[in-house]
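Scope of the values below: all heavy atoms of this structure, side chains included, with no hydrogens, waters or symmetry mates. Note that this is a predicted model, so its numbers are computed, not measured. In what follows, chains are A, B, ... by sequence order, proteins preceding strands, each numbered from 1.
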Number of protein chains: 2
Amino acid sequence: MKELLAGASNVGYPAGMEATTAVQACSPLAGRRERKKQRTREALVDSAFQLFAEKGFEATTVEEIADAVDVSSRTFFRYFASKEDVLRTFQDEQFGAVKAAFSARPSDEPVITAVHHAAVSMIRACEDGAFGFDPERFGCLRQLMESSPAVFGSSLEHGQKKHAEMTHIIAERMGVDPTTDLRPHVVASAINSVFHTAFELLSSGTVKVDRFSDVLSELFALLEDGINYPAAAAASPSSSG
Amino acid sequence: MKELLAGASNVGYPAGMEATTAVQACSPLAGRRERKKQRTREALVDSAFQLFAEKGFEATTVEEIADAVDVSSRTFFRYFASKEDVLRTFQDEQFGAVKAAFSARPSDEPVITAVHHAAVSMIRACEDGAFGFDPERFGCLRQLMESSPAVFGSSLEHGQKKHAEMTHIIAERMGVDPTTDLRPHVVASAINSVFHTAFELLSSGTVKVDRFSDVLSELFALLEDGINYPAAAAASPSSSG
DNA sequence: CACAAACTGTCATGCTGTGACAGTTGTCGT
DNA sequence: ACGACAACTGTCACAGCATGACAGTTTGTG
């Protein structure tokens, strides 16, 4: 009775429901119920993204999303805490990928440099459609953030929550204690801000570029070199990118 | 401490009535009606902050806030676009103060350093109760951000909106074109992130400090020196900080 | 005083998010 | 296979946020 998944694109995301940790539960022997839940969840995500792309975020109601999957709107809220939460699942996956790539970087790289390469390579792969990531959804999210303040704010909030995790990872790599050393915090925060800046630059059309990864890479490079630039009056007009 | 800014402050109007024309702010005799509006607005802010402090953000309804000032909840939304918007007015004032202090810094200071001093001196004054700022309200906002995700997200979103303005100011000081030079964007973004980090550190109790300004100053100092730290394996165990 | 404009209150409406309860379906033990 | 049990879902109901429309009141002006 529910052939709703027929039109779903092959985006097999293993995002756990309430899994705050990036547990990639493949759930091999989860049973039929678990499978059905997973399918319903993915169908909701798919339906949501599609409707958002068509009508925009605000104009799309939860009921419409649920109707498209043939479940009640009440059920929707059993899968997602809010309408924004649907979008966060995608960001979770991206963050997890960056995290993994970062851990794999050689330990002789400075922190920012390591994150730089990890992030850029991940995004590049994402742009090329590798890793099972959906470039279309990536673009959709960007467009939504641009148009809807609610999405934008939610994304920022979510990023800030990941910030704590990132701080811990960075502190570990630096071999310092994050409870006494403030440096990991600044680093994690700066990294987060670079991502948002790249997003913003692309959305606002301030810079003309083809790829998100290019902007991101450039921003990271600036951050690596230090950014306490002199004022115009005290500085010689050095060649600026 | 009701009329902490009775004279000149950019008030956040609901959608439609932009504060681009700051004419009325300069005219003290704008009529009885204008005065009454101003009083109602401040009363609403006051009432909101008090109730938020007592019952928390979520638990406080718009109706309660309005009732305390003896207006309808409908009227509340004629003054503020949302419940979060009430809190943003306070942040607006802070941002304006930092902006002004930044502009007054000597031009031989590098950008981060200038913002560093501007922000810290402003916050210090704020902590001491100068400038008509209400330290109590400052603490209340911090507490609210800690407890309510909605407030937190809203604050981030608002900060990001100011980000564009900050970028422009910094680009001006650097004497570069923000449409071709990415550096001002990184700087503005990093500054924004430093503020949030300081907030986070205080709220989470990660570091033990007496004053917000102390953490902020320390974070700024780190940012000034560059933050591309080596990994533990590649770094000599020199004194950190 | 009369008139226009602005401000406010009341009513009505739509959407979000949650709680409670009952019905259905999947899971497990026997 | 059958029944007990847990999990999932739908329906109903409700509180709160936010907005639109309309009418009544206050204020500023000629």
Side-chain angles (χ1 to χ4, degrees), chain A residues 1-2 4 16-18 27-44 47-48 51-52 55-88 148-151 153-154, chain B residues 11-17 21 23-24 27-44 47-48 51-52 55-88 148-151 153-154:
Chain A
M1 53 174 66
K2 292 179 183 175
L4 41 114
M17 294 182 51
E18 52 276 316
S27 57
L29 50 101
R32 181 177 286 114
R33 181 181 292 164
E34 204 65 27
R35 289 198 158 279
K36 187 169 185 175
K37 250 176 64 176
Q38 208 55 251
R39 261 186 300 152
T40 302
R41 195 190 138 86
E42 282 179 27
L44 280 172
S47 158
L51 285 169
F52 290 162
K55 318 174 46 177
F57 182 78
E58 320 281 4
T60 303
T61 68
V62 172
E63 196 176 355
E64 287 172 324
I65 300 171
D67 278 351
V69 192
D70 203 27
V71 297
S72 71
S73 52
R74 184 70 188 86
T75 295
F76 173 90
F77 285 108
R78 290 196 178 95
Y79 282 88
F80 302 99
S82 66
K83 208 163 65 170
E84 290 88 351
D85 196 30
V86 181
L87 301 174
R88 284 201 285 259
S148 170
V151 177
S154 174
Chain B
V11 288
Y13 294 100
M17 31 200 309
T21 58
V23 184
Q24 46 205 356
S27 57
L29 49 100
R32 183 175 287 114
R33 182 182 291 163
E34 204 65 27
R35 290 201 153 276
K36 187 168 186 173
K37 248 177 65 175
Q38 205 55 252
R39 263 186 299 150
T40 301
R41 188 173 197 284
E42 284 178 24
L44 281 171
S47 159
L51 286 169
F52 290 162
K55 317 173 49 177
F57 182 79
E58 320 281 4
T60 303
T61 68
V62 172
E63 196 176 357
E64 286 173 324
I65 300 172
D67 278 351
V69 191
D70 205 26
V71 297
S72 72
S73 52
R74 185 67 186 86
T75 296
F76 173 90
F77 286 106
R78 289 198 179 93
Y79 283 88
F80 303 99
S82 67
K83 206 163 66 169
E84 289 88 350
D85 196 30
V86 181
L87 301 172
R88 284 202 282 259
S148 169
V151 176
S154 173

remark   = Rounded to the nearest 0.5 angstrom, the CD1-OH distance for B:Ile65 and B:Tyr79 is 14.5 Å
message = Below the 4.0 Å mark, does D:dA7 have OP1 or OP2 next to a side-chain nitrogen or oxygen of A:Lys37?
response = no
remark   = The reported gap from CZ in A:Arg39 to NZ in A:Lys36 (rounded to nearest 0.5 angstrom) is 7.5 Å
ask   = How many angstroms lie between CZ in B:Phe80 and CG in B:Leu87, if you round to the nearest 0.5 Å?
value = 9.5 Å
task = Mind calculating the distance between NZ (A:Lys36) and C1' (C:dT25) to the nearest angstrom?
result = 7 Å
message = Strictly below 4.0 Å: does A:Tyr79 bring a side-chain N or O up to OP1 or OP2 of D:dT9?
response = yes
key: Rounded interatomic separation in angstrom, taking CG from A:Asp85 and P from C:dT16   = 14 Å
remark   = From the candidates C:dT8, C:dG26, D:dT9, the one with an atom nearest any side-chain atom of B:Thr40 is C:dT8
request  = Go along nucleotides 12-20 of chain D 5' to 3' and tag each nucleotide: B for a protein heavy atom under 4.0 Å from its base, S when only backbone or sugar atoms are that close, - otherwise.
outcome  = ----SSBBB
ask   = Tell me: CZ of A:Arg32 to C1' of D:dA7, nearest whole Å?
value = 15 Å
ask   = Given atom NZ of A:Lys55 and atom P of C:dG14, what is their separation to the nearest angstrom?
value = 15 Å
request  = Sequence neighbours left out, what passes salt bridge (Lys or Arg N to Asp or Glu O under 4.0 Å) with B:Glu64? Give chain and number order.
outcome  = B:Lys55
query = Distance only, no hydrogens: is a donor on one side chain within 3.5 Å (strictly under) of an acceptor on the other, for A:Glu84 and A:Ser82?
reply = yes
request  = Rounded off to whole Å, could you give me the CG-to-P distance for the B:Asp70 and C:dT8 pair?
outcome  = 12 Å
ask   = Which nucleotide in the list D:dG10, C:dA6, C:dG9 gets nearest to the side chain of A:Ser72?
value = D:dG10
task = Quickly work out the A:Arg39 CZ to D:dT9 C1' distance and round it to whole Å.
result = 15 Å
remark   = Interatomic distance, CG@A:Leu44 vs CG@A:Asp85, rounded to 0.5 Å, equals 11.5 Å
